[in-house]
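What follows is a single structure, written as structure tokens, with notes after it.
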Amino acid sequence: MNREQQEVLSLLKEIDKLCRKNKIDYYLSPQLTLCGVTGQPFPQDPLAGVVFMKVPDMERFRQAFETAQPHRRALESMKNNKRFPGFYLRYENLDTLCFNLNEGRNFQSPGMGINIVPLRGIISSRRKHLWSRALEVGWMETCDGYSRKPGIKNLLCKIPVRLGSLGGRASLGRHLYGKFLKGQAGTDAQEYVLRLDKNTTYYYPAEIFMKTSRMVLEGEEFMVPDQKIWYLQKTYGINYEEETAEEYKPNPAVMASAMVSWGDFFEETGSLKKLIKARRRQYLKDSIGRRRQRYYNWCWNYAKLCASKRNLNAYYEEKKDYIRNLYKNGDYMRLEAIFRPYTKVMRRCLKEKDVYAADDEIIEIYMNMIEKTGNQELKAQIDKYW
């Protein structure tokens, strides 16, 4: 492990120690849990350190941190940072550096850290849910000036946040954070919602997080859901073991170091405000080129998908008699094995809101197979677009 990986692991150990001391439950992120279950290497991305907590436990952790006051550590949130970009906590080492030029100075102490992301209960009132969601999106949009150009809905969400900021952005952040905690306190959730960013949302049954267990990751024990296999299946799908670790490509906009403190870095370089503003202007100028590049990438990926479908058509045409025989004998275990490439392409097609059908007979056998094997989630997605 390199120094950055070791630093992320040590911060996870510190969070685990503080949680065990105060009897607070937390859960490693699916990416880290997958590394522990399948034996994949620890992620090289310095931003990969993520744990989940239920909202009341997250607030207890914040209070426990303020009581303990670990040396050279900081815990940032909307409660103490008017530029903090969301409803979560960030546990940081002040003697390190992790600064993203595209985010600017959203963090007061931009060192390497662990994001503590809340598991939210679903709000029963739809009106309250829509209003709280609008305020959250509006707050994130005012903190982020480098993502894609916001649509009309996101621009409308910024209006109440801008108006509320007239009385002071710091007091508005504390008010929204307190309102978020109050709305999630004492909820008997049947399902938890996880929002990792503006475009990624997961839904988990509450039973997954009823109990915790310990799992070894890089020689250290950490807390994970007792139903960790179910946890991974809800995140990555039934074939979670086939999920490969993404090749880490260093982001040129992220400066990370486990040997240099962010204070020393800014003392030498200055505030970097001019550089950040220049990058933002250039980012806006390049927006047309980025949209074209995303479209070309989509075209190329779709062309490769069509080629995969064409090859599979020939493969299943040759195997049709064998598949008929398995189906006639009710051998669904072998059918599931022979349809694995079919399922993989089907999932890719569903992302494009399409359904892969080799021919009418094959798709009929396939639908009966997934129904018999209990994969109701995949069947419902196929029925939606077929």
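On a predicted model such as this, the values are computed, not experimentally measured, just so you know. We count residues from 1, following the sequence as given.
Taking the ring axis of Trp131 as reference, the NZ or CZ atom of Arg126 does not stay both within 45° of it and closer than 6.0 Å to the ring centre.
Contact check for Lys304 versus Asn301: side-chain heavy atoms found under the 4.5 Å cut-off. With contacts defined as side-chain heavy-atom distances shorter than 4.5 Å, the pair Asp25/Lys54 does not qualify. Side-chain contact between Phe266 and Pro110 is present, with heavy atoms from C-beta onward closer than 4.5 Å. Residues Lys158 and Val137 form no side-chain contact, since every pair of their non-hydrogen atoms from C-beta on lies 4.5 Å or further apart. With contacts defined as side-chain heavy-atom distances shorter than 4.5 Å, the pair Leu34/Gln40 qualifies. Residues Cys349 and Tyr302 have side chains not in contact (no heavy-atom distance under 4.5 Å, counting atoms from C-beta outward). Looking at heavy atoms from C-beta onward, Asp95 lies out of side-chain contact with Met259 at the 4.5 angstrom threshold. Phe61 places none of its side-chain heavy atoms less than 4.5 Å from the side chain of Met58.
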Q: Let me see the working for Thr201 and Leu194 under side chain to side chain contact (heavy atoms under 4.5 Å, CB included), right down to the final yes or no.
A: CA-CA 6 Å; Thr201 303; Leu194 175 68; over 6 Å; no

Q: Tell me, with the steps shown, if Arg60 and Asp57 meet salt bridge (Lys or Arg N to Asp or Glu O under 4.0 Å).
A: CA-CA 5 Å; Arg60 288 177 56 210; Asp57 289 335; 3.2 Å; yes

**Q.** Intermediate values then yes/no, side chain to side chain contact (heavy atoms under 4.5 Å, CB included), Gln5 and Glu218
**A.** CA-CA 10 Å; Gln5 290 173 303; Glu218 296 295 336; over 6 Å; no

Q: Show the numbers, then the answer: is there a side chain to side chain donor-acceptor pair (under 3.5 Å) between Glu317 and Asn313?
A: CA-CA 6 Å; Glu317 186 64 31; Asn313 286 344; over 6 Å; no

Q: Kindly indicate, with the supporting measurements, whether the criterion side chain to side chain donor-acceptor pair (under 3.5 Å) is fulfilled by Glu352 and Trp298.
A: CA-CA 10 Å; Glu352 303 294 337; Trp298 176 86; 2.8 Å; yes

Q.
Apply side chain to side chain contact (heavy atoms under 4.5 Å, CB included) to residues Ile229 and Gln233 and explain how you reach the verdict.
A. CA-CA 6 Å; Ile229 303 302; Gln233 288 176 343; 3.9 Å; yes

Q) Are Leu172 and Trp139 close enough, and set up right, to give a side chain to side chain contact (heavy atoms under 4.5 Å, CB included), and what steps lead you there? A) CA-CA 10 Å; Leu172 176 63; Trp139 179 270; 4.1 Å; yes

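A salt bridge between Glu14 and Arg73 is present, with a side-chain N of the basic residue lying under 4.0 Å from a carboxylate O of the acidic one. Asp331 has a carboxylate O that lies under 4.0 Å from a charged side-chain N of Arg334, or vice versa, which qualifies the two as a salt bridge. Under 4.0 Å is where a charged nitrogen must lie from a carboxylate oxygen, and between Glu221 and Arg214 at least one such pair does. A salt bridge between Arg340 and Glu336 is absent, with no side-chain N of the basic residue lying under 4.0 Å from a carboxylate O of the acidic one. A salt bridge links Glu136 with Arg120: the distance from a Lys NZ or Arg NE/NH1/NH2 to an Asp or Glu carboxylate oxygen falls below 4.0 Å. In summary, Glu76 and Arg90 do not engage in a salt bridge, as defined by a charged side-chain N under 4.0 Å from a carboxylate O.
Residues Ser261 and Asp264 have side chains that bring a donor and an acceptor to within less than 3.5 angstrom of each other. In this structure, a donor-acceptor pair under 3.5 Å is absent between the side chains of Ser308 and Tyr356. Checking Asn93 against Glu7 by side-chain atom types alone, a donor-acceptor pair falls below 3.5 Å. Checked by atom type, the side-chain pair Asn2/Gln6 shows no donor-acceptor distance below 3.5 Å.
Ring centers of Tyr192 and Phe52: at least 6.0 Å apart, outside the cut-off. Ring centers of Tyr26 and Phe222: at least 6.0 Å apart, outside the cut-off. Checked against a 6.0 Å centroid threshold, the rings of Tyr296 and Trp300 do not count as neighbours. Checked against the 6.0 Å centroid criterion, the rings of Tyr316 and Tyr342 qualify as a close aromatic pair.
Scored by the salt bridge (charged side-chain N to carboxylate O under 4.0 Å, His left out) test, Asp321 finds Arg324 as partners (sequence neighbours excluded). For Glu207, there are no side chain to side chain donor-acceptor pair (under 3.5 Å) partners, not counting sequence neighbours.
When the side chains of ILVMFWY residues are joined at heavy-atom separations under 4.5 Å, either directly or via intervening members, Leu181 and Phe84 end up in a single hydrophobic cluster. Leu312 and Leu335 fall within a single hydrophobic cluster, where Ile, Leu, Val, Met, Phe, Trp and Tyr are joined by side-chain heavy atoms under 4.5 Å apart, directly or via other members. The hydrophobic clustering, which links ILVMFWY residues whose side-chain heavy atoms are closer than 4.5 Å, places Tyr240 and Leu28 together. Met78 and Phe65 end up in the same hydrophobic cluster when Ile, Leu, Val, Met, Phe, Trp and Tyr side chains are linked at under 4.5 Å. Both Phe42 and Ile15 sit in one connected hydrophobic cluster of ILVMFWY residues. Membership requires side-chain heavy atoms under 4.5 Å apart, directly or through other members.
With Gln184 contributing its side chain and Gly121 its backbone, the two residues share a donor-acceptor pair below 3.5 Å. At distances below 3.5 Å, not a single donor-acceptor pair connects side-chain atoms of Thr200 with backbone N or O atoms of Leu196. The backbone N or O of Asn325 lies less than 3.5 Å from a partner atom in the side chain of Asn329, making a donor-acceptor pair. Formation of a donor-acceptor pair under 3.5 Å by the Gln108 side chain with backbone atoms of Asn80 is found in this model. In this structure, Asp286 contributes its side chain and Gly289 its backbone to no donor-acceptor pair below 3.5 Å. Here the side chain of Asn22 pairs no donor or acceptor atom with the backbone of Ile24 at under 3.5 angstrom. Of the possible donor and acceptor atoms, none in the side chain of Ser109 sits under 3.5 Å from a partner among the backbone N and O of Gly111.
Rounding to the nearest 0.5 Å gives a distance of 11.0 Å between CG of Leu326 and CE of Met369. A distance of 5.5 Å separates CD1 in Ile363 from CD1 in Ile382, rounded to the nearest 0.5 Å. Annotation: the span from Tyr327 atom OH to Ile365 atom CD1 amounts to 6.5 Å, rounded to 0.5 Å. Distance check: Phe99 CZ to Ser257 OG gives 14.5 Å after rounding to the nearest 0.5 Å. Rounded to the nearest 0.5 angstrom, Met53 CE and Leu89 CG are separated by 7.5 Å. Going from atom CG of Leu11 over to atom CD1 of Ile114 covers 5.0 Å, rounded to the nearest 0.5 Å.
The shortest heavy-atom contact between Pro341 and Ile338 is CD-O, 3.6 Å.
The residue from Phe209, Tyr27, Tyr202 that alone fulfils the ring-ring contact (aromatic ring centres under 6.0 Å, His included) condition with Tyr231 is Phe209.
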